[in-house]
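Heads up, the thing below is written out as structure tokens.
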Amino acid sequence: SQKIEQNSEALNIQEGKTATLTCNYTNYSPAYLQWYRQDPGRGPVFLLLIRENEKEKRKERLKVTFDTTLKQSLFHITASQPADSATYLCALDNQGGKLIFGQGTELSVKP
Amino acid sequence: GAVVSQHPSWVICKSGTSVKIECRSLDFQATTMFWYRQFPKQSLMLMATSNEGSKATYEQGVEKDKFLINHASLTLSTLTVTSAHPEDSSFYICSATRSDRGSQPQHFGDGTRLSIL
């Protein structure tokens, strides 16, 4: 079955730096990969979706890459701000629109 | 953007009580709704997939008689935790999507914190 691994350690960075989060999967390459942000006590919020035939996707300060050879997606936040502090989840499509979520990486941006 | 409302946001009740949680898509018709459960510092675990007008599909290990799901309209799905016990205490989150394809993002409610005493 498909397994997803994200950085288990919390990521602490200084404001203004680029944060890079990793999502690795073990089995089949999904047709789509999604990234979500989750704040404490709240539901996840959709950020970006990337298709298997896309290498890179950008949205404002966010960038996602998708390498089906490495079975890996990288999520970058440039010029990070304290407001970017949250848990970031990657999710892969399974079937029937179902998503399998990673355990998330907690990002803390210090001023 | 797409808005999903989940109610109530938190519930504290006695063991043996049944609790109903509502999930509404406010500004779009949701073909499919999903129900998740999340424990602290852990990922979202899919419990069931709900399509309007049909029976929910439950994930392996999820008791369908314990977690009753009703999806009566394209904008409303409900999850009822029947005869809840302390081990049912968790954070329950719903999501809604416009289609059953993985190319569509899921729009989440803000969750329901359920505490069974």
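Below, chain A is the first sequence line, B the second, and so on; all start at residue 1. Atom set for the values below is all heavy atoms of this structure, side chains included, hydrogens, waters and symmetry mates excluded.
Under a hydrophobic clustering in which Ile, Leu, Val, Met, Phe, Trp and Tyr are joined whenever their side-chain heavy atoms come within less than 4.5 Å, directly or via other members, B:M33 and A:I100 fall into different clusters. Criterion: ILVMFWY side-chain heavy atoms under 4.5 Å apart, direct or through other members. Under it, A:F75 and A:F66 are part of a common hydrophobic cluster. Put simply, A:L47 and A:I13 are part of the same group of oily side chains (I, L, V, M, F, W, Y) that touch within less than 4.5 Å, one to the next. When hydrophobic clusters are built by joining Ile, Leu, Val, Met, Phe, Trp and Tyr residues whose side-chain heavy atoms come closer than 4.5 Å, directly or via intermediates, A:L11 is grouped together with A:L62. One hydrophobic cluster, built from ILVMFWY side chains closer than 4.5 Å, holds both A:Y32 and B:L44.
Between B:D110 and A:G43, the shortest heavy-atom distance links the atoms OD1-N, 3.2 Å. Scanning both residues, B:F108 and A:P44, for their nearest heavy atoms gives CB-O, 3.3 Å. Residues B:S43 and A:F101 approach most closely at OG-CB, 3.1 Å, considering heavy atoms.
The CG atom of A:L49 sits 8.5 Å away from atom CD of B:Q104, with the distance rounded to the nearest 0.5 Å. Taking OG1 from B:T97 and NZ from A:K98, the interatomic distance works out to 14.0 Å, rounded to the nearest 0.5 Å.
The neighbour count for A:Q14 CD, taken as heavy atoms of other residues, nucleotides or ligands under 6.0 Å away, is above 12. Surrounding NZ of B:K55 are at most 12 heavy atoms belonging to other residues, nucleotides or ligands under 6.0 Å away. Shown here is B:K20, whose NZ atom has no more than 12 heavy atoms of other residues, nucleotides or ligands within 6.0 Å. Within a 6.0 Å radius of CD in A:E5, other residues, nucleotides and ligands contribute 12 heavy atoms or fewer.
Counting heavy-atom pairs closer than 4.5 Å to chain B, the top residue among A:Q6, A:E106, A:R51, A:Q103 is A:Q103.
Identified by a heavy-atom distance below 4.5 Å to chain A, the contributing residues of residues 71-93 of chain B are B:F91, B:I93, in residue-number order.
Interface remark: B:Q106 contributes backbone and side-chain atoms alike to the contact with chain A (heavy atom separation under 4.5 Å).
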